[in-house]
There are 2 protein chains.
Amino acid sequence: MPQKTNKISCEECTTTSCFVKRTNPEWLAKISEFKNQVVYPKGQYIFSEGSPVFGAYFIQSGDVKIVSSSFSGKQNIVRLAKAGHMMGHKGEAKENYPIGAVAINDARICFLNNELLYDAFLNNTHFTIDIMMFYSKELRKSEMRNKFFAQMTTDEKVAYAIVYAGEIVGEKNNKGKIMIMLSRQELAQIAGTNAEQVSRTISHMKNDGLLSLDGRCICIENLPGVYNLLSEYEQFI
Amino acid sequence: MPQKTNKISCEECTTTSCFVKRTNPEWLAKISEFKNQVVYPKGQYIFSEGSPVFGAYFIQSGDVKIVSSSFSGKQNIVRLAKAGHMMGHKGEAKENYPIGAVAINDARICFLNNELLYDAFLNNTHFTIDIMMFYSKELRKSEMRNKFFAQMTTDEKVAYAIVYAGEIVGEKNNKGKIMIMLSRQELAQIAGTNAEQVSRTISHMKNDGLLSLDGRCICIENLPGVYNLLSEYEQFI
DNA sequence: CGTGCTTTTGAATAGTATCAAGGCCGGTGG
DNA sequence: CCACCGGCCTTGATACTATTCAAAAGCACG
């Protein structure tokens with residue numbers, strides 16, 4: 001169950017990349033006062049598919065996966081998000097895309113309702129511009145992903161999913177190698193394929209010395225080697 | 001060759017959905033004075049892949065395709081844009097994604113350089129917010145496209161490409177039916193497949209009475225029928 | 001009326017999803 | 001501590017879809 005712990009105010013928050021930090025001191029205090037903050041344990045839904053969202057969520061700490069299911073039941077990971085990222089905000093209220101967000105590990109999330117958010121847009125130019133730039137960049141990334149996914153082989157898509165997951169939710173072990181603790185199923189949902197294919201690709205890459213396995217946990221032994229598989233697509237990694 | 005005709009000022013421009021219309025009168029006049037405006041004939045590159053872009057382009061009239069090639073030579077249509085849309089703007093200068101824009105028919109394009117644009121952002125809150133909302137919506141569309149393209153069959157992708165192209169660049173004939181004048185190759189570049197498959201799908205759809213052909217031009221005879229092929233994915237159409 | 005480009009259709013091939021079975025790991029309870 | 005159980009992972013065989021290759025037909029142009 002979501003926990004309400006002591007709220008971390010925006011003034012004391014150390015997530016420097018958070019967009020809220022771009023508001024002026026007066027507004028920082030105001031947002032800090034009116035925001036809602038909840039700690040979600042691993043696996044918990046922050047907001048679920050189908051239900052409308054009346055504001056925006058800012059990640060204070062932890063990792064989140066944004067998911068979307070087709071009506072045939074297939075779930076898909078649309079993107080991964082970490083501290084400083086923003087999610088759930090809708091351009092128009094009537095839009096009702098079935099998107100949900102799930103905590104990958106314990107995540108502290110701040111919620112701003114639409115009225116507060118819109119007031120903040122009107123009164124904090126740099127805040128608005130930064131969020132606009134964020135969307136612009138995410139759009140380009142998404143378009144590139146679109147384009148390359150239409151051309152990549154399954155092996156390449158899986159390699160991409162591993163690199164991408166490593167960037168956002170990877171943790172370094174004592175040797176400085178990136179460890180990924182997502183299931184094969186989750187990686188398949190990022191790569192747009194199925195768990196079996198992910199498993200096959202991982203086997204190939206293990207044989208090539210690019211990865212090693214520690215139980216079910218994936219360790220990237222040779223990161224440049226993995227990137228090399230994606231060299232044709234390097235512009236969007 | 002691009003033509004410099006009499007410049008249409010922002011005050012007299014009738015493209016009401018243009019974002020520039022959201023600036024205050026003082027800024028509308030200023031942008032109108034400093035913007036650059038060019039009419040590009042059909043097939044002409046507005047900006048090409050690889051070359052850096054130092055501002056943003058606003059479409060006053062006409063249709064544009066945003067393209068991107070992989071180094072293996074395959075060209076892909078990232079999105080279609082029409083009057084009122086914005087393109088070319090980059091979140092950060094260092095990003096250098098290989099994206100180009102080509103006029104599908106004669107198109108009048110206004111260019112604002114980065115300095116002018118950024119100044120306008122700082123001084124016109126509603127202008128900035130509207131562009132932010134535009135990106136937010138485009139991002140969602142792109143993510144949905146991503147997701148569904150991973151699940152669609154080729155026939156469904158082609159059906160999507162036809163519907164999408166009809167919306168942006170379709171023209172109604174005297175019977176009120178939508179006509180599309182893109183080549184099979186261009187439709188394939190939207191659908192993420194090849195011209196042969198597009199041709200096959202069109203044949204199927206023609207046999208089912210959904211389309212008819214007038215020379216190489218596609219006419220959508222039964223639009224609800226085509227939509228019906230995409231009923232599983234209706235959220236993002 | 002030919003020439004070159006696009007479109008259409010067919011056949012062969014390759015790649016991927018699906019189905020199925022066995023192995024591994026972690027957790028639970030005796 | 002060990003045995004069992006369930007879920008996840010791995011691997012193989014099969015079927016199918018889509019790409020590629022190839023060739024003929026249609027259309028636009030000089």
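Every chain is numbered from 1, with letters handed out A, B, ... down the list of sequences. Only heavy atoms go into these numbers, but all of them, side chains included; no hydrogens, no water, no symmetry mates.
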Student: Report which part of the nucleic acid A/Leu187 touches: base, sugar-phosphate, or nothing (heavy-atom distance under 4.0 Å, all strands).
Tutor: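 The answer is nothing, as A/Leu187 stays clear of every strand by at least 4.0 Å.
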Student: Over how many whole Å does the gap from B/Leu211 atom CG to C/dT7 atom P extend?
Tutor: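 From B/Leu211 CG to C/dT7 P: 14 Å.
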Student: Considering heavy-atom distances to DNA chain C, does A/Lys157 or B/Lys206 have its closest nucleotide positioned more toward the 5' end?
Tutor: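 Nearest nucleotide further toward 5': that of B/Lys206.
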Student: Return the 5'-most residue of the pair A/Ser203, B/Thr153 with respect to DNA chain D, ranking by each residue's nearest nucleotide.
Tutor: A/Ser203
Student: Rounding to a whole Å, what distance do you find between B/Leu182:CG and C/dT6:P?
Tutor: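 After rounding, the reported distance stands at 14 Å.
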Student: Just the rounded figure in Å: distance from P of C/dA17 to CE of B/Met152.
Tutor: 17 Å
Student: For B/Asn194 and D/dT20, is the shortest distance between a side-chain N/O and OP1 or OP2 below 4.0 Å?
Tutor: yes
Student: Given atom CG of A/Leu213 and atom C1' of C/dC25, what is their separation to the nearest angstrom?
Tutor: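 My rounded result for the distance is 13 Å.
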Student: Tell me every residue that passes side chain to side chain contact (heavy atoms under 4.5 Å, CB included) with B/Asp155, counting only those two or more places apart in sequence or in another chain.
Tutor: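 Testing B/Asp155 for side chain to side chain contact (heavy atoms under 4.5 Å, CB included), a comparison that skips the adjacent residues, returns B/Thr153, B/Thr201, B/His204.
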Student: Would a 4.5 Å heavy-atom cut-off, applied to side chains only, mark B/Lys82 and B/Glu167 as touching?
Tutor: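 Answer no - side chains too far apart.
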Student: A/Glu138: which residues meet the salt bridge (Lys or Arg N to Asp or Glu O under 4.0 Å) condition with it, sequence neighbours left out?
Tutor: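 A/Glu138: salt bridge (Lys or Arg N to Asp or Glu O under 4.0 Å) contacts with A/Lys141.
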Student: How many Å lie between CG on A/Asn207 and C1' on D/dT11, as a whole number?
Tutor: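 Atom-to-atom, A/Asn207 to D/dT11, this comes out as 12 Å.
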Student: Using a 4.0 Å heavy-atom cut-off to protein, can you give one letter per nucleotide of nucleotides 22-30 of chain D, 5' to 3': B if the base is in contact, S if only the sugar-phosphate is, - if neither?
Tutor: ----BB---
Student: Starting at atom CD of B/Gln151, determine the distance to atom P of D/dT17, rounded to an integer number of angstrom.
Tutor: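 In whole Å, D/dT17 P and B/Gln151 CD are 17 Å from each other.
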Student: Is any side-chain nitrogen or oxygen of B/Thr193 closer than 4.0 Å to OP1 or OP2 of D/dA18?
Tutor: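 It does not, given that no N or O in the side chain of B/Thr193 lies less than 4.0 Å from OP1 or OP2 of D/dA18.
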Student: Between B/Asp208 and B/Leu210 (side chain of the first, backbone of the second, donor and acceptor by atom type, cut-off under 3.5 Å), is there such a pair?
Tutor: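 Looks like no, no N/O pair under 3.5 Å.
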Student: Judged by modelled atom types alone, do B/Ser212 and B/Glu221 share a side-chain donor-acceptor pair under 3.5 Å?
Tutor: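 Side-chain D/A pair, B/Ser212 to B/Glu221: present.
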Student: Just how far, in rounded Å, is P of C/dA17 from CD of A/Gln185?
Tutor: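 The distance from CD of A/Gln185 to P of C/dA17 comes to 13 Å, rounded to the nearest Å.
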Student: Once you measure the plane-to-plane angle for A/Tyr160 and A/Phe149, does it fall in the parallel (<30°), tilted (30-60°) or perpendicular (>60°) bin?
Tutor: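 Ring orientation, 0 to 90° scale: perpendicular.
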Student: Could you state the CZ-C1' distance from B/Arg200 to C/dG10, rounded to the nearest angstrom?
Tutor: 8 Å
Student: With heavy atoms under 4.0 Å as the rule, sort B/Thr154 into base, sugar-phosphate or nothing.
Tutor: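 Sugar-phosphate, no base atom in range.
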Student: Assign the ring pair A/Tyr57 / A/Phe111 to parallel, tilted or perpendicular, where the plane angle (0 to 90°) is split at 30° and 60°.
Tutor: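 Ring orientation of A/Tyr57 relative to A/Phe111: tilted.
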